[in-house]
Visitor: 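Shown below is the structure under consideration.
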Amino acid sequence: MATSHRLTLLLRNIYPHQDLQARLATLLPQPSPGESSPAQGACCQRWDQSTGILITYADTITAPEQPTLAVLNDFLSQDYSTVPLNVLHVLPFLRSSSDRGFAVSDHTRLEHRFGDWHHLQELAHGRQLMADLVVNHVSASHAWVQQFRRGEEPGSFTVMAPTDLQGWEKVVRPRSSVLFTLMKTHKGLRPVWTTFGPDQVDVDWSQLEVLETFAQLMQTYVNHGITWIRLDAIGFLWKDRHTTCLHRPNTRILVQALRQILEQYACNGVLLTETNVPEEENLSYLRSGDQAHIAYNFPLPPLLLEALLSNSCDLINHWLARWPALPQGSTMLNFTASHDGIGLRPAEGLISPQRLYKLLVRCEERGGLVSHRTEADGTLSPYELNITWWSAMAGPATTPRRLQLERFLASQLLVMALPGVPAFYLPTLLGSSNDHQAYAQTGYRRDLNRTQFDLQVLRQELGNTASPAAIIRTLMGYTMGVRAQLLAFHPEAPMELLSLERRDMIILRRGHRNDPDAVWVVQSFREEGVELNMSWLSSQWHKGWRDQLSQRIIRDQRLVLSPYEVLWLQPV
């Protein structure tokens with residue numbers, strides 16, 4: 001069935017009175033006679049065990065009087081070429097008014113200081129690019145909002161502005177700000193929906209013009225080398241009265257539609273859903289096999305952090321034991337840190353209130369902060385931890401540097417070892433500590449983890465082989481290189497947990513039981529040595545084991561692991 005026909009059937013549920021076939025014809029590429037459309041060719045390989053994602057803002061690295069995208073390209077090509085991360089996620093780069101790019105004011109132009117579309121396309125040489133579709137809202141300065149204020153089209157109907165404010169009591173909030181913001185218009189004050197704050201005005205996806213605008217933006221992205229698309233805050237997209245307004249059925253339809261459109265633009269296109277919500281809600285975008293290709297593995301960061309700071313991995317072991325079975329062609333994005341805080345909603349039901357409280361205290365002791373959201377009854381509850389991953393890996397206040405690097409590297413190696421695609425936030429790989437100066441200037445808690453680096457100063461830091469940034473770069477380059485050679489680390493290869501009842505280590509096998517390429521992953525979660533009986537790994541007798549990370553051969557039946565030591569083992 002042709003994509004245009006499938007889309008017509010799908011979208012008729014939302015836009016029953018539109019001439020969908022005619023409208024969609026302007027959005028989809030039209031093949032020449034006898035030519036197959038992009039999505040009808042051979043199945044495209046989207047990822048393998050060599051795939052890794054680097055996440056960064058367009059202006060994380062700066063140099064005087066240079067477009068920051070050009071500076072980023074220079075840095076990655078010259079200073080970070082030894083770290084094989086072949087997907088680059090450049091966080092919002094379009095013109096915006098706030099929220100570090102997530103309040104988009106113009107969908108056609110880049111922020112001047114970043115550069116232009118040409119600079120972005122240069123970054124796509126030799127790598128795949130990922131970019132955000134900020135689908136839930138636009139800036140209060142966006143043309144649509146200004147048209148809404150004047151009563152002009154299309155803004156008069158693309159802005160989400162309910163005339164009746166009753167029936168929205170169940171709406172789930174990610175912020176403590178008000179849900180509706182009063183805006184001056186040609187007809188006086190009008191309430192507009194502002195899920196994420198007064199400068200981010202929600203758009204009305206019941207209007208086909210909204211879908212057309214974002215589909216056109218996707219096509220622009222693909223034309224400039226961007227084939228991975230992240231749907232920001234997608235769960236909030238559709239609003240229905242007397243509901244939570246989360247993950248509504250029409251949101252699912254629109255995700256399906258955006259995926260079909262993307263695959264027409266690029267057969268190897270990858271659609272990611274960003275839903276910082278409890279685990280099953282998040283996974284629901286993967287389970288059908290026709291919505292997202294990848295979903296963020298949001299429970300991983302808080303569970304891994306809790307294990308490292310409590311010196312006990314029992315909770316994360318129990319979580320790993322029920323790793324979800326996903327449709328072919330679907331997988332998880334595994335990470336420890338991102339441009340946002342460490343979300344706590346995904347840990348609901350996975351960490352007891354008592355242990356969660358201790359985790360919050362430990363993070364505050366390491367210079368972190370806790371952000372809150374407003375519940376339906378008006379009370380506040382912890383929403384995310386604001387702290388850099390490097391600062392979070394510190395020891396107690398009396399000995400903060402003790403085992404900090406060991407904890408850090410162990411955390412990144414687990415991200416590499418789990419089923420899915422590993423992703424790494426650039427300031428994290430640069431050993432960035434809490435940026436209290438930026439937070440003091442802006443008052444915005446997430447700025448603790450959004451440090452900007454001067455290129456020359458950063459190069460001096462990387463030139464010091466004893467610095468955390470230099471050590472992390474060397475080890476990340478080496479371990480990602482090892483990972484790329486191990487077929488068992490394919491994102492969709494199976495995993496079996498072997499350490500369910502242990503609190504001191506994680507032991508898992510990647511690959512099928514009798515597969516000669518299978519890898520056994522062993523990670524200590526203790527500050528002291530931990531003994532491992534090698535028979536724990538397999539009931540079969542083996543002459544020995546090769547650790548692919550160190551290349552040493554282990555023949556002893558009992559092994560003592562150093563604090564936070566990691567082994568990637570294969571039988572010899």
Visitor: For H107 and F214, I'd like to know if the aromatic rings sit close, meaning centre-to-centre distance below 6.0 Å.
Guide: yes
Visitor: Could you state the interatomic distance from CZ (R6) to CG (L11), rounded to the nearest 0.5 Å?
Guide: 12.0 Å
Visitor: Going by the side chain to side chain contact (heavy atoms under 4.5 Å, CB included) test, name the single residue among E384, H339, R100 that passes it with R446.
Guide: E384
Visitor: Heavy atoms, side chains only, cut-off 4.5 Å: are N434 and I387 in contact?
Guide: yes
Visitor: So that I know where these two stand, are Y425 and F335 an aromatic pair - ring centroids less than 6.0 Å apart?
Guide: no
Visitor: In the structure I gave you, are the side-chain heavy atoms of V172 and R373 within less than 4.5 Å of one another anywhere?
Guide: yes
Visitor: Out of N297, V270, L300, L272, which residue meets the side chain to side chain contact (heavy atoms under 4.5 Å, CB included) rule with L333?
Guide: L272
Visitor: Distance only, no hydrogens: is a donor on one side chain within 3.5 Å (strictly under) of an acceptor on the other, for T451 and S432?
Guide: yes
Visitor: Mind running side-chain contact (heavy atoms from CB on, under 4.5 Å) on R127 and L76 for me, showing each step along the way?
Guide: CA-CA 11 Å; R127 62 175 68 91; L76 294 178; 3.7 Å; yes
Visitor: To the nearest 0.5 angstrom, please state how far the CG atom of D504 sits from the OG atom of S499.
Guide: 8.5 Å
Visitor: Can you see whether W389 engages S411 through a side-chain donor-acceptor pair at a distance of less than 3.5 angstrom?
Guide: yes
Visitor: Measure centre to centre between the rings of F236 and F196, then say whether the value is under 6.0 Å.
Guide: yes
Visitor: State, to 0.1 Å, how close S50 and M480 come at their nearest heavy-atom pair, and which atoms those are.
Guide: O-CE, 4.5 Å
Visitor: Determine whether a donor-acceptor pair (N or O, by modelled atom type, separation under 3.5 Å) exists between the side chain of E364 and the backbone of V370.
Guide: no
Visitor: First locate atom CD of Q523, then atom CD of E565, and finally report the distance between them rounded to the nearest 0.5 Å.
Guide: 10.5 Å
